[in-house]
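Just below is one structure, and these are the notes that go with it.
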Amino acid sequence: MFIVEEIMSENDKLEPEVIVEQLRALRDQIADFGPLPVKRSRALHNVARADLEFVQAAINSIGASEAVRQAVGVSAEELRKELDLAGRWSAVEDELRALLEGVGAANLTRRHRIGLSGLQAYNIVRQLVRKEENSNLLPHAAEMRRLNRFGRQRKAAHPPPSAPAPARQA
């Protein structure tokens, strides 16, 4: 289990570094964990997507014939356990996808708050530099103006080609 007493922020939420550490520890405990090369992944997907009824019929045939069991090298009971385990791991996949989506949404919200504060600061600085007593903000205003990508017209990469002049006929 995880010890969550480490770095906690003022509102009792885990810091990102602690979560990363815990995820890495969790990753080490997952059987068969690891990325696959694209080619290998595609090959596995093709067979892994076999129809469930087909798989069940195949397991039943293994259970019905010792010759089939020996040829396949695994018992029907072992395959049933593996099928059950795969189903339980799919619940883990769903939860991890939801977790990733939630973390992404939370971070998007953070970035939005930061960006909005930056835009507000820019607008305030633009107003303040109009007065001489705030001239110390002029370099900041110039830098923000240079870096601000909001409200600018995009330059066309290439001007649209003009239509060629019609060929003269003699």
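The figures that follow rest on heavy atoms only: side chains count, while hydrogens, waters and symmetry mates do not. Quick caveat, the model's predicted, so the values are computed rather than measured.
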field: salt_bridge(Arg24, Glu21) N-O dist < 4.0 Å
entry: no
- prompt: Are Arg97 and Glu93 ion-paired here, with the side-chain N under 4.0 Å from a carboxylate O?
  reply: yes
- prompt: Do Asn107 and Arg110 meet the criterion of a side-chain donor-acceptor pair at a distance under 3.5 Å?
  reply: yes
Where is the tightest heavy-atom contact between [X] and [Y], given as atom of each residue plus distance?
| X | Y | result |
| --- | --- | --- |
| Arg40 | Leu36 | CG-CD2, 4.2 Å |
| Met144 | Tyr122 | CB-CD1, 3.4 Å |
| Glu143 | Arg146 | OE2-NH2, 2.8 Å |
| Ser75 | Ile62 | C-CG2, 4.0 Å |

query: Should Leu85 and Ile59 be counted in the same cluster of Ile, Leu, Val, Met, Phe, Trp and Tyr side chains packed under 4.5 Å apart?
result: no
field: Flag side-chain contact, heavy atom, 4.5 Å: Leu52 against Leu83
entry: yes
task: Report yes if some heavy atom in the side chain of Gln22 is under 4.5 Å from a heavy atom in the side chain of Leu26; otherwise report no.
output: no
message: The test is salt bridge (Lys or Arg N to Asp or Glu O under 4.0 Å); show your working for Glu78 and Lys81 and say whether it passes.
response: CA-CA 5 Å; Glu78 289 171 312; Lys81 286 179 184 177; over 6 Å; no
task: Could you grab the distance from atom CG of Leu128 to atom CG of Leu138, nearest 0.5 Å is fine?
output: 10.5 Å
- prompt: So, Asn134 side chain and Leu137 main chain: donor-acceptor pair closer than 3.5 Å or not?
  reply: no
- prompt: Is there a donor-acceptor contact under 3.5 Å from the side chain of Ser61 to the main chain of Ala58?
  reply: yes
- request: Starting from the C-alpha separation in whole Å, work towards a yes-or-no answer on salt bridge (Lys or Arg N to Asp or Glu O under 4.0 Å) for Asp84 and Arg80.
  value: CA-CA 6 Å; Asp84 177 62; Arg80 284 187 186 99; over 6 Å; no
message: Would Glu95 and Leu99 count as a side-chain contact (heavy atoms from CB on, under 4.5 Å) here? Give the steps.
response: CA-CA 6 Å; Glu95 288 299 321; Leu99 178 65; over 6 Å; no
